[in-house]
Structures are given as C-alpha cells and as structure tokens.
Amino acid sequence: MTETGTATAGATAGEVPPELAALRSSIDNIDAALVHLLAERFKCTQRVGVLKAEQQLPAADPAREERQITRLRSLATSAGLDPVFAEKFLNFVIAEVIHHHQRIAEGG
Ligand SMILES: C=C(O[C@@H]1C=C(C(=O)O)C=C[C@H]1O)C(=O)O
C-alpha cells in the first residue's frame with residue numbers, strides 16, 4: 001500500500017493479466033461443477049438416509065467408508081492429487097452425510 005492506500009503489488013481492477021483471467025474463469029467453471037456434483041451426491045445420500053431410517057440401519061457404515069477411502073486415495077494418486085487431501089475431503093463429506101442420516105433417523 002502507498003500512503004494514499006493504493007495497492008501497488010498485484011493487479012488492480014481492469015488490469016488483470018489475460019492468462020490470470022483465463023485461469024480464474026476455468027477455476028470458476030470447475031467450482032460450479034463441484035457444487036453441482038456435490039448437490040447430486042447429497043441428493044443420493046439423503047435417499048440412502050431415508051432407506052436406512054425405514055429399515056432401522058445404522059447411520060454410519062465404517063466398512064463401506066474404508067473401501068471408499070482406499071479407492072479414492074488410489075484415484076487421487078493416479079490423477080496427481082494428494083491422497084491425504086482426498087481422504088480428508090471424503091471424510092469431511094461423509095461426516096456431514098452421517099449427521100444428516102442421524103437427523104433423518106430422529107425424525108427431523
Ligand atoms: C451413504 C451412506 O451412508 C454413510 C455415508 C457414506 C458416504 O457419504 O459415502 C458412506 C457410508 C456411510 O457411513 C452409505 O451407507 O452408503
């Protein structure tokens with residue numbers, strides 16, 4: 001910042017280098033795709049939650065999760081994505097799903 005508070009480092013409005021703008025445009029598209037994919041996944045898991053509640057099955061299935069994590073770590077490695085990050089991400093999503101299932105089972 002200068003004394004007048006003007007940013008000196010980085011691009012100011014209207015001065016974004018074309019390559020940065022193009023990359024950000026792709027990032028925005030990818031983020032939109034991720035949101036849509038996650039929305040579809042949660043639609044499926046909501047239905048699983050209803051089925052489990054109807055059949056009095058437990059909200060969590062650790063054996064299934066173990067298989068998913070093994071598979072996702074392998075996919076991540078093949079794709080050049082950090083498998084530790086992939087595992088953390090899946091665990092984060094699954095934890096949210098299990099909360100939903102518990103709420104459904106409690107009638108909520
Ligand atoms: C969706 C399920 O319920 C839970 C959530 C999972 C998931 O989000 O992938 C996997 C296993 C379960 O702990 C399921 O049992 O398939």
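Worth knowing before you read on, the calculation uses all heavy atoms, side chains too, and leaves out hydrogens, waters and symmetry mates. Everything quoted here is computed from the prediction, not taken from an experiment. Just follow the structure's listing: the first ligand is 1, and inside any ligand the first atom is 1.
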Q | Heavy-atom proximity to atom 16 (O) of ligand 1, best of R64, R67, E96 | A | R64
Q: Identify which of Q46, R41, R47, K52 has a heavy atom lying nearest to atom 14 (C) of ligand 1.
A: K52
Can you tell me the protein heavy atom closest to [atom] and the distance?
atom                    : result
atom 13 (O) of ligand 1 : E65 OE2, 2.4 Å
atom 10 (C) of ligand 1 : Q68 OE1, 3.3 Å
atom 12 (C) of ligand 1 : D61 N, 3.4 Å
atom 5 (C) of ligand 1  : V97 CG1, 3.5 Å

(Q) Regarding E40 and K43, does a basic nitrogen lie under 4.0 Å from an acidic carboxylate oxygen? (A) yes
Q.
Is it the case that ligand 1 has an N or O less than 3.5 angstrom from some N or O of T45?
A. no
Q: Please could you name the atoms of ligand 1 that H101 approaches to less than 4.0 Å, counting only its heavy atoms?
A: 1 (C), 2 (C), 3 (O)
Q: Any chance you could measure I27, atom CD1, to R24, atom CZ, to the nearest 0.5 Å?
A: 7.5 Å
Examine distances only and state if a side-chain atom of [X] and a backbone atom of [Y] form a donor-acceptor pair shorter than 3.5 Å.
X    : Y   : result
S78  : S74 : yes
K52  : L57 : no
H100 : F42 : no

**Q.** Closest approach of E65 to A60 (non-hydrogen atoms, all atoms of both residues)
**A.** OE2-CB, 4.0 Å
Q) Side chain or backbone of I98 under 4.0 Å from ligand 1, or both, or neither, by non-hydrogen atoms? A) side chain
**Q.** A59, portion touching ligand 1 at heavy-atom distance under 4.0 Å
**A.** backbone
Q) Can you tell which of L90, L81, T77 makes a side-chain contact (heavy atoms from CB on, under 4.5 Å) with L72? A) L90
